[in-house]
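Order of the sequence lines fixes the chain letters, A, B, ..., with proteins taken first and strands second; residue numbering starts at 1 for each chain. Please read these numbers as outputs of a predicted model, since none were measured by experiment. Below, all heavy atoms of this structure are taken into account, side chains as well, without hydrogens, waters or symmetry copies.
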Number of protein chains: 2
Amino acid sequence: MNLKQLSESLGLSQTTVSRALNGYPEVSEATRKRVQDAAHRHNYRPNTRARSLATGRAHMIGHVIPISTRHEMMNPVFSDFIAGAGEAYAKAGYDMTLSIVPDDAEDATYRSLAQKKTVDGIVIHGPRANERRIKLLQDLDLPFVVHGRASAEDSDYSWVDVNNRRAFSRATELLLDLGHRRIALVNGLEDMDFAIRRRQGYEKALRERGLAADPALGASDEMTEHYGYDTARRMLAGHTPPTAFLVSSLISAIGVRRALEEADLKMGRDVSVITHDDELSYLGNGKDVPIFTATRSSVREAGRIAANTLLELIEDPARTPRHHLLEAELMLGRSTGPAPQES
Amino acid sequence: MNLKQLSESLGLSQTTVSRALNGYPEVSEATRKRVQDAAHRHNYRPNTRARSLATGRAHMIGHVIPISTRHEMMNPVFSDFIAGAGEAYAKAGYDMTLSIVPDDAEDATYRSLAQKKTVDGIVIHGPRANERRIKLLQDLDLPFVVHGRASAEDSDYSWVDVNNRRAFSRATELLLDLGHRRIALVNGLEDMDFAIRRRQGYEKALRERGLAADPALGASDEMTEHYGYDTARRMLAGHTPPTAFLVSSLISAIGVRRALEEADLKMGRDVSVITHDDELSYLGNGKDVPIFTATRSSVREAGRIAANTLLELIEDPARTPRHHLLEAELMLGRSTGPAPQES
DNA sequence: GAGAGGTGTCAAAGCGCTTTGGAAACGTAG
DNA sequence: CTACGTTTCCAAAGCGCTTTGACACCTCTC
C-alpha cells in the first residue's frame, strides 16, 4: 500500500493524505482522523527512499568503525556504545548504518558516504591523535561527532570523551598513596588518542611525586585478554617487577589477573591492579564490592550522548560544536592494597 | 555534482552517462572512458536514495538485534558477527543498518522495516525456540536468514548455525571419559534456541552412559562473567559439588575460573572446565595451548556465511532456503584433566 | 540504391513521496 | 448581495536516478 493507493481508497488527494499524516495544520481534524485510521488499518508507512529523496533528509546516521588491518580486531567497547546510541536514534525516528572499514580504505568510505547521501551525519570511532578524518569531514560538510578526541587537531569539532588524563592520574595517585613506586602501565595502542592521554595522566602523577616512568614498565598494544596476560607475565619476570598495574581495559586486566594467579601472587595483597572499566554489559566488575579497583565510565551513556549531540547538530547545522567531557569515577575494589614492604 | 550536471558538462544525455557508468553495452568504449574519467574527476557517486527509488533495490541489509528488556544486555558475540558480515557486504556493495529492538517492540519493527522498504533483506539474531519472527517475515515477504535456528518452527527457512547439540554432547563425553560424573551445565538463557540444543547434547551424552542430569548442577541465565562466578561459587558450596563445569560462553567461563581460584581449586586438576568459544577477537583463548578446553566455532565466519547466504537469496528470491550447519572443533586445553579420586 | 541490421545516443516516463501555488467552498462583514 | 478572509483541499512540479522506446546514422548486402 502506497500513498497513491491510500489516497484513492479515501477519495482524497495525495497532498491531503500526506499533510494529514505529517501533522500539518491545513487539514481538518475530521479528515485527519479518517486518514490516520485508514493508514493504520492498511498498515501504511511511507517509503523511506521516496521520502528522503523528496525531503533531502535520510533520517539515517552512519557509524564508521575502523577495523585494524593488523589484527582484524573489533573494539569490544563498540557494541555497548552502539546500544546507547541506537536507543537515542530510535526515540528520534532515526536509523543507523554501520560501515566496517579497514583503516587503509577510510578516505574513500567517507567521501562515498557524503556523496551518496545515504546518511545525515556520522559518528567517528576510535580517533587517533593525528586524525585526518576530522579535516576530511569538515571539507565534505557532513555533520559529525567524534567518540574521543584527536589531540593533534586544532580546529573545533564536536566530541564526547572521558577525561582519560584525569582518570589515569587519579588512579596513579591512589597507587602512589598506597606506597607503590613501581607501577606498570598496560596501555592500549599508543597511536590511539585515548591511550596517549592515559599515559599523560600516568606520567603527570608520577612526575608530581618526583618519579619518572620506567620504560620497562610500559606496554602498549591492542587490549586483548592475552595481551594483559603476556605483559604481566613478562614484567613480573623482570628484575624490577612492578608492585602495581594500571590497565587500560577490563579485558586486559583479566589477563593480568591470570598471570598473577599463575605466579601465585594474590591480587590486592601482593600486587595491586587498577583498570579502566567501560561498564560493558556482559563484563560487570563485581556486584557489591568491585573485583577491580577501577576508573569507571559508561560507554553506553557516552553513546547516548554522542547520538543526541549529533542529532542536534543535524537539526541546526549552524550550531557551534559541542563538547562533552565525562568524568570517570574512581571505584575502590578488592584489587588494590598497600605496597608490600621491601624485604 | 549530480547526474544532470555531469551529463551537461560532458554534452551527453543523462541516459548515456548512466549507462556508461553502469557498464551497459550500448555505449561505445570511447564514450565510456570519457564518462568514467569525468565521473572520477568530479568524484561523482550516484545518490543512493534516488537510485534505489528508481531500481527498487536498497542495497542495504538490516540486522535486528533484540535487546533483553530485563538486562539491557547486548550480546557480545554480535560485534564479531557483524564484522564478518560487514566484510561480505562491503565486497558486494551493500550497506548494513542496525536496529536495536527491545524484545517487546519487535513485531512493529519488522513490519515497519518491510513497509518502509529501507532494506532488501534481514538477518535475525538470537532466535528463541519458539520464534514468531520467522512466520512474520515470511508473511511480509522479506528475504531473511537466521543466525541460529528455531526448534519449534517447522517451516523451511535459511539459517546459519553451529551444531550446538553435537558440540555439547562431545564435550560432555570427554568429561565422562575423564571420569567425571558430576558435571555442571552453566548454560545461557533457556528460552534461547542455542541453549536448549546445548542442554539436549549434554543430556544425551549423560543418558547414553546411563546417567541423568542433576537439576542442582544446571543453571541458565544471561552469560555474563558474574553469572559464571556466582553459579560456580554456589554449586561448589553445595553438598555434592561438581567436579567439572560445562560452560556456554568464554566470558562466563572466566567467571567460573575466578570462583575456582577463590576456592583454592586448581582448574584442570581439582576441577575441569570446558567452555564454548566463539573466537571473539579480543578474548582469545590462549595462544599455543588453549587456556580452556573448548568447543570452538568462529562467529565471525558465521557472519560472513550468513551475509553471503542472504545476498544470494536477494539475488534470486525463488531460491529454496539454504542451511549451513557449522561443526565446532573440540580443542583440548589446560582446563581439563581426570576426575579427582573420591576420598 | 534500397532495405536490413547494427551501433550509439537521446527524450521522456516513472519510482513514491513532499511541497508549492492555487482554487473551491464556506462563512462573515459591510 | 458583494467582497473578503478562512478553511480545506487539490494538481502539478520536483527530488536524482534508471529504463523504455525511438531515432539517427553507418555499414553491409543483394
Original post:
To the nearest 10 degrees, how far apart in direction are the end axes of the helix from dG1(C)-dC30(D) to dG30(C)-dC1(D), each fit to five base pairs?
Top reply: 60°
Subject >> Set of side-chain hydrogen bond (donor to acceptor under 3.5 Å, both in side chains) partners for Asn130(A), sequence neighbours left out >> reply: none
Subject >> salt bridge (Lys or Arg N to Asp or Glu O under 4.0 Å) partners for Arg319(A), two or more places apart >> reply: Glu312(A)
Original post:
Which residue pairs pass the ring pair (Phe, Tyr, Trp, His ring centres under 6.0 Å) test with at least one member in residues 21-59 of chain A, sequence neighbours excluded?
Top reply: His59(A)-Tyr94(A)
Original post:
When you measure from every atom of DNA chain C, which of residues 111-119 of chain B have a heavy atom less than 4.0 Å away?
Top reply: none
**OP:** Please find the earliest and latest nucleotides of DNA chain C, in the 5' to 3' direction, that have an atom within less than 4.0 Å of any heavy atom of chain B.
**Re:** dG8(C) to dG16(C)
Subject >> Worked check of side-chain contact (heavy atoms from CB on, under 4.5 Å) between Leu137(A) and Ile124(A) >> reply: CA-CA 10 Å; Leu137(A) 282 171; Ile124(A) 296 192; 3.4 Å; yes
Subject >> Residues from residues 40-59 of chain B lying under 4.0 Å of DNA chain C - heavy atoms >> reply: Leu53(B), Ala54(B)
**OP:** Would you mind telling me which residue lines up with the more 5' stretch of DNA chain C, Thr31(B) or Ser18(A), judged by nearest nucleotide?
**Re:** Thr31(B)
Subject >> Asp156(B): salt bridge (Lys or Arg N to Asp or Glu O under 4.0 Å) partners, not counting sequence neighbours >> reply: none
Original post:
Relative to each other, are the rings of Phe144(A) and Tyr157(A) parallel, tilted or perpendicular (30° and 60° limits)?
Top reply: parallel
**OP:** If a pair satisfies side-chain hydrogen bond (donor to acceptor under 3.5 Å, both in side chains) and one of its residues is in residues 109-121 of chain B, list it, with sequence neighbours excluded.
**Re:** Tyr110(B)-Arg133(B)
Original post:
For the ring pair His63(A) and Phe78(A), is the centre-to-centre distance below 6.0 Å?
Top reply: no
**OP:** State the CD-CD distance between Gln14(A) and Gln5(A), to the nearest 0.5 angstrom.
**Re:** 10.0 Å
Original post:
Do Ile100(A) and Met96(B) pass the side-chain contact (heavy atoms from CB on, under 4.5 Å) test, and can you show the C-alpha distance, the side-chain angles, and the key distance before you say yes or no?
Top reply: CA-CA 9 Å; Ile100(A) 317 276; Met96(B) 156 168 59; 4.1 Å; yes
Original post:
Of Thr97(B), Leu140(B), Leu113(B), Val146(B), which is the lone residue that meets side-chain contact (heavy atoms from CB on, under 4.5 Å) with Ile122(B)?
Top reply: Leu113(B)
**OP:** Starting from the C-alpha separation in whole Å, work towards a yes-or-no answer on side-chain contact (heavy atoms from CB on, under 4.5 Å) for Val64(A) and Val123(A).
**Re:** CA-CA 7 Å; Val64(A) 184; Val123(A) 175; over 6 Å; no
Subject >> With sequence neighbours excluded, residues passing salt bridge (Lys or Arg N to Asp or Glu O under 4.0 Å) with Asp80(A) >> reply: Arg300(A)
Original post:
In residues 20-29 of chain B, which residues come under 4.0 Å of DNA chain C by heavy atom?
Top reply: Glu26(B), Val27(B), Ser28(B)
Original post:
How far apart are the C-alpha atoms of Arg149(B) and Asp161(B), what are their side-chain angles, what is the distance that settles it, and do they pass the salt bridge (charged side-chain N to carboxylate O under 4.0 Å, His left out) test?
Top reply: CA-CA 7 Å; Arg149(B) 276 174 286 177; Asp161(B) 198 6; 3.0 Å; yes
Subject >> All salt bridge (Lys or Arg N to Asp or Glu O under 4.0 Å) counterparts of Lys4(B), not counting sequence neighbours >> reply: none
